[in-house]
Amino acid sequence: MLDIKKLRSQTEEMKAALESRGIDAPLDEFIELDKKRRELIVDAEEKKALRNTASDRIAAARKAGEDAAGMIEEMRRVGEEIKALDHLLRDVEMQLDAIVLELPNTPLPDVPVGPDESANVEVLRVGEPRSFGFQPKPHWDLGAELDIIDQERGGKVAESRFTLLKGAGARLERALINFFLDLHTGEHGYTELFPPILVNSESMKGTGQLTKFAQHEMYKLRDDDLYLNPTAEVPVTNIFRDEILKEDELPVHVTAYLPSFRREAGAAGRDTRGLIRQHQFNKVELVKFVLPETSTGELESLTANAEEILRRLELPFRRVALASGDLGFASAKTYDLEVWLPSYDDYKEISSCSNYLDFQARRLNVRYRPAGGGRPQFVHTLNGSGLAVGRTFAAIIENYQNEDGTVTVPEALRHYMGMDAIRPL
RNA sequence: GGAGAGGUGGCCGAGUCGGCUGAAGGCGAUCGCCUGCUAAGCGAUUAAGGGGGUUUUAAGCCUCCUUCGAGGGUUCGAAUCCCUCCCUCUCCGCCA
């Protein structure tokens with residue numbers, strides 16, 4: 001959620017910032033309603049103040065044994081007026097919310113301006129795509145031949161876009177999760193969490209998952225106000241909802257492995273083969289709660305932490321700064337990490353690292369009390385995948401495949417895998 | 001799932017037959033005093049949100065409103081009464 005005061009006082013700047021991401025924000029309407037809101041507040045509060053003092057006088061009169069019937073009658077009328085004003089006010093506030101909650105975050109100044117992903121800027125490239133001396137196979141073929149990925153049976157058990165991993169495949173998935181968590185907790189200083197996999201609508205709204213556009217992507221339980229976790233960002237970022245932290249508790253750096261579920265309703269037809277786009281996928285998430293003035297640097301270190309996985313796995317990748325028009329709803333700045341996938345003959349997103357500034361914190365009401373005292377301030381939140389497990393799986397078997405159909409296990413994973421190569425049974 | 005108890009400020013914990021309790025008391029925290037240092041002691045301050053005013057903005061200050069799990073109701077007036085929901089705890093049942 002954007003800062004109402006800023007929308008009020010810097011309307012034109014905010015409008016321009018939102019335009020840079022292709023949003024024509026109804027700020028004129030917002031200003032109108034905001035003005036209306038304040039008028040109603042003033043009116044209602046005057047009447048409430050009157051009622052409060054009158055109530056005191058009624059009590060005093062009663063005590064003194066005097067008759068207060070006239071005053072009581074008058075206050076009954078005032079009470080009704082107050083009720084009417086409060087109802088009007090609630091209507092106006094709902095209209096305001098409807099506008100504000102649909103407004104995305106404004107991009108930071110160093111975000112490349114452009115309408116969509118074509119304006120994204122590559123900022124870093126590490127490693128060289130390997131030149132194969134043979135025709136490399138896509139991971140879905142390799143996986144089937146090695147009998148480690150079984151999409152037919154995944155579909156039988158659930159439906160299409162669900163996968164059954166077998167043998168060394170299941171082991172590789174688990175190895176990756178453990179490797180990621182061990183690195184982030186052991187060397188990068190994150191605390192490991194394992195949150196609930198079902199989350200309520202309050203949490204979903206807090207992180208901005210339930211916008212008009214996105215809500216259909218989520219799996220919703222029929223009989224409960226619960227959703228299947230769409231990304232660990234949701235349960236993890238919500239842990240401090242409505243809390244005031246102490247300044248010296250910050251920064252909080254946490255990591256969590258969690259299965260994630262998305263319907264991907266609008267994406268039918270894209271990435272239909274293999275592990276790239278699944279309804280259920282594993283992800284290790286990195287989340288940070290930080291002091292506002294540190295969030296810029298925290299995004300750099302968070303991104304570097306995610307990149308370290310790719311470096312250790314010796315997978316070619318690049319880092320891309322997303323353009324304003326390509327940013328996620330709540331993000332003020334995002335780096336995508338893209339890994340080289342031979343089957344795509346291109347780089348494919350494997351992590352997305354974002355700085356939300358106080359956008360999520362405002363919605364979630366996560367604040368900290370400054371060490372020197374003073375009013376609570378909103379924290380800044382950041383998060384990134386570190387990494388998407390299924391896509392890493394795909395990248396490994398494609399990039400490490402051999403002409404004989406085996407897959408060499410990357411050095412960093414060998415002790416997790418207990419083998420140096422994946423071979424057909 | 002069944003029975004009972006309860007949800008009050010950063011934390012613990014009072015709140016009588018509805019009115020002077022936004023909330024006693026304690027802890028913690030901050031500032032000051034005291035002390036050779038530490039501890040102890042003494043004093044003061046210490047909820048959040050939202051309006052209005054003041055200030056060039058912010059801070060600060062003045063003032064008002066709201067908030068005692070959430071929502072609704074009764075009343076001139078509710079933390080205190082009524083209804084609905086949510087959550088926590090204890091016992092039983094069921095299980096991993």
Side-chain angles (χ1 to χ4, degrees), chain A residues 1-14 30-97 100-101 194 196-206 221 223-227 235 238-250 252 289 292-293 358 361-379:
Chain A
M1 188 163 79
L2 291 170
D3 185 352
I4 305 267
K5 289 191 182 120
K6 237 166 146 183
L7 285 171
R8 195 144 70 201
S9 63
Q10 302 171 36
T11 310
E12 288 314 308
E13 292 90 326
M14 298 298 273
F30 167 82
I31 296 293
E32 265 315 294
L33 284 165
D34 182 57
K35 206 174 133 211
K36 182 102 184 273
R37 169 175 172 269
R38 279 178 294 163
E39 285 166 5
L40 286 167
I41 287 173
V42 169
D43 204 355
E45 286 191 353
E46 273 171 9
K47 290 193 162 68
K48 283 175 184 170
L50 173 68
R51 181 179 66 183
N52 288 342
T53 55
S55 287
D56 286 348
R57 270 189 280 134
I58 289 168
R62 273 270 172 86
K63 221 172 192 174
E66 291 164 20
D67 175 49
M71 225 187 303
I72 288 175
E73 183 51 39
E74 192 189 334
M75 282 311 110
R76 197 197 306 276
R77 276 203 312 280
V78 171
E80 251 139 56
E81 287 168 25
I82 289 171
K83 200 174 277 184
L85 284 170
D86 278 345
H87 276 106
L88 274 175
L89 180 61
R90 201 185 333 169
D91 282 353
V92 169
E93 287 186 331
M94 276 169 62
Q95 292 177 58
L96 275 169
D97 275 357
V100 175
L101 290 177
F194 194 85
I197 300 177
L198 296 179
V199 294
N200 59 33
S201 55
E202 197 61 22
S203 297
M204 294 283 275
K205 281 178 197 152
L221 297 205
D223 294 332
D224 302 276
D225 177 36
L226 292 168
Y227 295 79
N238 270 280
I239 61 177
F240 293 134
R241 172 149 47 88
D242 292 323
E243 290 191 34
I244 300 176
L245 306 172
K246 297 193 181 82
E247 177 167 342
D248 63 15
E249 292 178 272
L250 296 173
V252 173
F289 301 84
E293 57 271 24
D358 61 2
R362 178 170 285 110
R363 220 179 239 231
L364 290 163
N365 197 25
V366 181
R367 293 169 291 173
Y368 72 96
R369 193 175 297 284
R375 315 212 133 264
Q377 306 289 317
F378 289 113
V379 303

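These numbers were taken from a predicted model, which means no experiment stands behind them. Below, chains carry the letters A, B, ... as their sequence lines are ordered, and counting in each starts from 1.
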I need the minimum non-hydrogen distance between L250(A) and F289(A), along with the two atoms involved. CD2-O, 3.5 Å

Determine the interatomic distance between C1' on G26(B) and the same-named atom on G9(B); round to the nearest Å. 13 Å

Does a salt bridge link R77(A) with E74(A), judged by any charged N lying under 4.0 Å from a carboxylate O? no

Does the side chain of D3(A) come within less than 4.5 Å of D358(A)'s, by heavy atoms? no

Please measure how far the P atom in A70(B) lies from the corresponding atom in U8(B), and state the result in whole Å. 10 Å

Within the structure provided, determine whether L96(A) and V92(A) are in side-chain contact (heavy-atom separation under 4.5 Å). yes

RNA chain B nearest-nucleotide lookup for R90(A) and I58(A): closer to the 5′ end is R90(A)

Let's test your reading of the pairing rules: Watson-Crick or G-U wobble, both distances under 3.5 Å, then write RNA chain B as a dot-bracket string with ( ), [ ], | and dots. ((((((((.[[[..)...(.....]]]((((((.......))))))((((((((.....)))))))).[[[[[..)....]]]]])))))))....

Looking only at atom P, what distance separates U88(B) and C20(B), rounded to whole Å? 34 Å

Please give the distance between the C1' atoms of G18(B) and U74(B) as a whole number of Å. 11 Å

Return each pair, listed once, that meets salt bridge (charged side-chain N to carboxylate O under 4.0 Å, His left out) where at least one residue sits in residues 82-94 of chain A; pairs must be two or more places apart or across chains. R37(A)-E93(A), K48(A)-D86(A)

Check the side chains of S203(A) and N200(A) for a donor-acceptor pair under 3.5 angstrom, ignoring hydrogens and angles. yes

Considering all heavy atoms, the nearest M1(A)-R363(A) contact: N-NE, 3.6 Å

Chain A on RNA chain B: first and last contacting nucleotide, 5' to 3', under 4.0 Å to a heavy atom? G19(B) to G77(B)

Do the non-hydrogen side-chain atoms of V100(A) and F30(A) ever get within less than 4.5 Å of each other? yes

State whether the number of non-hydrogen atoms from other residues, nucleotides or ligands found under 6.0 Å of Q10(A) atom CD is greater than 12. yes

With sequence neighbours excluded, what pairs up with R8(A) under the salt bridge (charged side-chain N to carboxylate O under 4.0 Å, His left out) test? D34(A)

C1' gap between C85(B) and G32(B), integer Å: 49 Å

Using a heavy-atom cut-off of 4.0 Å across all strands, would you classify I41(A) as base, sugar-phosphate, or nothing? sugar-phosphate

How would you label the contact of R362(A) with the nucleic acid (heavy atoms, under 4.0 Å): base, sugar-phosphate, or nothing? nothing

Take atom P in A58(B) and the same atom in G53(B), then report the distance between them in whole Å. 12 Å

Rounded distance in Å between the C1' positions of G28(B) and C12(B): 10 Å

Answer yes or no: is there a side-chain heavy-atom contact under 4.5 Å between N238(A) and M204(A)? no

Just to be sure I understand the geometry, which residues of residues 46-53 of chain A put a non-hydrogen atom under 4.0 Å away from RNA chain B? K48(A), A49(A), R51(A), N52(A)

Of K246(A) and R8(A), the one whose closest RNA chain B nucleotide lies more 5': K246(A)

Within the 4.0 Å heavy-atom criterion, would you say R367(A) contacts the bases, only the backbone, or no part of the nucleic acid? sugar-phosphate

Considering residues at least two apart in sequence or located in another chain, which fulfil the side chain to side chain donor-acceptor pair (under 3.5 Å) criterion with D242(A)? N365(A)

When rounded to the nearest Å, what value does the distance between P atoms of G52(B) and U38(B) take? 48 Å

